[in-house]
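These notes are about the structure you will find just below.
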Amino acid sequence: MRGFLCGALLALAGCASDRYLANGGHDLLRRREWDKAAAAFAVEAAKPGVNQVLFLLDQGTAYFAGHKYNEAIEVFLKAEKLTEIKDYTSISEEVGTLATSDNVRGYKGEDYEKVLINVYLALSYAALGKLEDAQVEARKINLILYKMIHEGKRNYEESPFARYFAAMLWEAGREWNSAYIDYKKTWELDAGFPDVGRDLVAMAKRMGFNDEEKKWKETFPHVEPRWTGEQLRSPVRGTSSEGELVAIFEKGLSPAKMPRNDSDSSLPRYIPRFSNSASARLKVNGETTAPFVRVLDIAGTSTRYLEDRIGRMMAAKLAGTAVKGALAYGVNKLSKNEDLGWIAFIALLAADRADLRSWRSLPAELQMVRLPLRAGTYDVQVEVLGWSGEVLWTEAFPKLEIKAGQKKFVIAR
């Protein structure tokens, strides 16, 4: 009976982490076999289970990396719905977790992962040219964060990237005032956000806000304002003869969860993962253009969000220890065997393993280049470079059409 009890409890610790991490789709992602990876995740993504959300996220990531944006959107929308539903954790799941391990609970996503679902939806719509749908997702990002901050009492802040991305989309729709508001909000959230000074000067000029333009020029004395469409005019009145290429690069690998330390394996921490890709360069018609700059630090965000809730996790672990003690006492009383009660308690503690699940297919960061181009057709390439500067692989976007007064989004990994 002792052996059966220990085995049952350890099995209940449920190797949800192990089952997720053992899926072959992760190796296929590392080999850039996007279609095969999506297929490998499909079976688990389609059926309810403790890891369904994770498999959906990975399947969506594989489609996204393979530029199958319609398929990615369909999958990410399913994941979004499930993470919303699973925020309302059932009492039975809570009791099960206190008694055993977080691994028995259906994975509902870290807070930052829920936000990134909408980031990837926004990027997918933008890549398809559906900019209004992308705007909807961009607005959702900060709405979710607002609820986490004010209703969930999380120590977070709004996303400067979401605000900046929304501003670009407003700009693409010629909603200049809304774009200007979001560029200003980006600066308020992160005064060092890349190139935001160029956008503020340019947008204030476009709006005819002379005092604002002067203020931004004083704030950013060494920046050139971004092109505003005033420099070049086509023969058609009021339209620009230039458009803009927006290239986004998914760099590296997000950190992975490991047990927090040797003395306590029941809490997780994030550790960096090595990636062969060190940087990327954008080429247009064979010519290297402006460098990519980081606009979203996923690795840093994931660590910051986890550390924010470690205190709450520790409190839950303490409560769980009390529950385990009560269960072991019950075993003792029912069996009238004190040794069996101690064995049950020790087995329950041993079963309490850190939940090492996370959205493993995420990159470490998002980088971006914005490049004004005359209306026309271009051969665009993103060369991904290794740590010695060698070209590891190239993603090509041949015969890419840049339309006058419009933005074209391309995404590479």
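The first residue of the sequence shown is numbered 1, and numbering continues consecutively from there. Fair warning: this is a prediction, and the values are worked out from it, not measured in the lab. Just so it is clear, the values below take in all heavy atoms, side chains as well, and ignore hydrogens, waters and symmetry mates.
Not one N or O on the side chain of Arg163 forms a donor-acceptor pair closer than 3.5 Å with the backbone of Thr186. In this structure, the side chain of Asp195 does not engage the main chain of Arg198 through any donor-acceptor pair within 3.5 Å. Of the possible polar contacts, one joining the Ser302 side chain to the Ala299 backbone as a donor-acceptor pair under 3.5 Å is found. In this structure, the side chain of Lys251 does not engage the main chain of Ala364 through any donor-acceptor pair within 3.5 Å. No donor-acceptor pair closer than 3.5 Å links the side chain of Gln406 to the backbone N or O of Ala404.
Taking every heavy atom of both residues into account, Pro372 and Glu242 meet most closely at CB-OE1, 3.6 Å. Taking each heavy atom of Glu158 and Ile149 in turn, the nearest pair found is N-CD1, 4.1 Å. Nearest approach of Ala172 to Lys407, heavy atoms of both residues: CB-CD, 3.9 Å. Contact between Ala191 and Val196 at its shortest, heavy atoms only, is O-CG1, 4.3 Å. Residue Leu362 comes nearest to Tyr112 through the heavy atom pair CD1-CE1, 4.1 Å, listed as atom of the first residue, atom of the second, then distance. The two residues Asn23 and Ala40 have their closest heavy-atom pair at ND2-O, 3.6 Å.
The side-chain heavy atoms of Met203 and Glu171, taken from C-beta on, include a pair separated by under 4.5 Å. Between Pro259 and Leu267 there is no side-chain heavy-atom pair separated by less than 4.5 Å. Here the side chains of Lys205 and Arg226 are not in contact, with every heavy-atom distance at 4.5 Å or above. For the pair Phe220 and Trp187, the minimum side-chain heavy-atom distance is below 4.5 Å. For the pair Tyr378/Ile402, a side-chain contact is recorded, criterion being any heavy-atom separation below 4.5 Å from C-beta on. Between Leu385 and Val391, some side-chain heavy-atom pair lies under the 4.5 Å cut-off. Taking 4.5 Å as the limit, every side-chain heavy atom of Val295 sits out of range of all side-chain heavy atoms of Gln367. When side chains are defined from C-beta on, Gln52 counts as touching Leu82, because their heavy atoms get closer than 4.5 Å.
Judged as a side chain to side chain donor-acceptor pair (under 3.5 Å), and not counting sequence neighbours, the contacts of Trp170 are Asp182. Applying the salt bridge (charged side-chain N to carboxylate O under 4.0 Å, His left out) rule to Asp35 yields the partners Lys68; only residues at least two apart in sequence or on another chain are considered. The ring-ring contact (aromatic ring centres under 6.0 Å, His included) search around Phe55 returns Tyr20, not counting sequence neighbours.
Inspection of the Ser279 and Trp387 side chains reveals no N or O donor paired with an N or O acceptor under 3.5 Å. Side-chain contact, Tyr164 with Asp190: no donor N or O sits under 3.5 Å from an acceptor N or O. A side-chain N or O of Ser361 and one of Trp359 form a donor-acceptor pair less than 3.5 Å apart. Using modelled atom types and a 3.5 Å distance limit, the side chains of Asn118 and Glu80 yield a donor-acceptor pair. Between the side chains of Glu212 and Tyr180, at least one donor N or O lies within less than 3.5 Å of an accepting N or O. There is no side-chain donor-acceptor pair under 3.5 Å between Tyr305 and Glu113.
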Distance-only criterion, 3.5 Å: show the donor-acceptor pairs between side-chain atoms of residues 121-135 and protein atoms not counting sequence neighbours.
from, atom 1, to, atom 2, distance (Å)
Ser124, OG, Tyr120, O, 2.7
Gln135, NE2, Leu169, O, 3.2

Could you list the donor-acceptor pairs under 3.5 angstrom formed between side-chain atoms of residues 286-294 and any protein atom two or more places apart in sequence or on another chain?
from, atom 1, to, atom 2, distance (Å)
Thr289, OG1, Leu282, O, 3.2

Show every donor-acceptor pair shorter than 3.5 Å between a side-chain atom in residues 392-399 and any protein atom, with sequence neighbours excluded, or say none if there are none.
from, atom 1, to, atom 2, distance (Å)
Trp393, NE1, Arg413, O, 3.0
Glu395, OE1, His67, NE2, 2.9
Glu395, OE2, Arg32, NH2, 3.2
Glu395, OE2, Arg413, N, 2.7

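Separation of the Phe41 and His26 ring centroids falls under the 6.0 Å cut-off. For an aromatic pair to be called close, the ring centres must be under 6.0 Å apart, and Phe165 with Phe409 satisfies this. Between Phe64 and Tyr69, a ring centre-to-centre spacing shorter than 6.0 Å is recorded.
Counting heavy-atom neighbours within 6.0 Å of Lys140 NZ, excluding the residue itself, gives a total above 12. Within 6.0 Å of CD on Glu224 lie no more than 12 heavy atoms contributed by other residues, nucleotides or ligands. Lys403 NZ: 12 or fewer foreign heavy atoms inside a 6.0 Å radius.
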>> Between Val410 and Val246, does the side chain to side chain contact (heavy atoms under 4.5 Å, CB included) criterion hold? Intermediate values first, please.
In response: CA-CA 6 Å; Val410 298; Val246 181; over 6 Å; no
> Given the rule in the side chain to side chain contact (heavy atoms under 4.5 Å, CB included) test, do Ile117 and Thr83 qualify, once you have shown the distances and angles that lead to the verdict?
Replying inline: CA-CA 10 Å; Ile117 292 172; Thr83 55; 4.1 Å; yes
> Between Asp199 and Arg370, does a salt bridge (Lys or Arg N to Asp or Glu O under 4.0 Å) hold up when you go through it step by step?
Replying inline: CA-CA 11 Å; Asp199 299 293; Arg370 296 179 63 179; 3.0 Å; yes
>> Checking Leu54 against Glu44 for the side chain to side chain contact (heavy atoms under 4.5 Å, CB included) test, could you report, in this order, the C-alpha distance in whole Å, the side-chain angles of both residues, the deciding distance, and whether it holds?
In response: CA-CA 9 Å; Leu54 282 164; Glu44 297 294 337; over 6 Å; no
> Can Leu145 and Ser159 be said to form a side chain to side chain contact (heavy atoms under 4.5 Å, CB included), step by step?
Replying inline: CA-CA 8 Å; Leu145 284 167; Ser159 167; 3.8 Å; yes
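No option in Thr301, Asp111, Thr61, Leu296 other than Leu296 meets the side chain to side chain contact (heavy atoms under 4.5 Å, CB included) test with Leu116. Screening Arg357, Arg154, Lys257 for a salt bridge (charged side-chain N to carboxylate O under 4.0 Å, His left out) with Glu110, the sole residue that qualifies is Lys257.
To the nearest 0.5 angstrom, Lys184 atom NZ is 13.0 Å from Leu189 atom CG. Put simply, CG on Leu371 and CG on Leu373 are 4.5 Å apart, with the number rounded to the nearest 0.5 Å. Remark: Lys215 NZ to Phe209 CZ distance equals 11.5 Å, nearest 0.5 Å. Rounded to the nearest 0.5 Å, atoms CG (Leu253) and CG (Asn276) are 9.0 Å apart. Between Phe161 atom CZ and Ile141 atom CD1 the span is 7.0 Å, to the nearest 0.5 Å. The CZ atom of Arg360 sits 7.5 Å away from atom OG of Ser254, with the distance rounded to the nearest 0.5 Å.
Ionic pairing of Lys408 and Glu401 is not present here: no N-O contact between side-chain nitrogen and carboxylate oxygen is shorter than 4.0 angstrom. Residues Lys217 and Glu213 are paired through a salt bridge, judged by an N-O separation under 4.0 Å between the basic side chain and the carboxylate.
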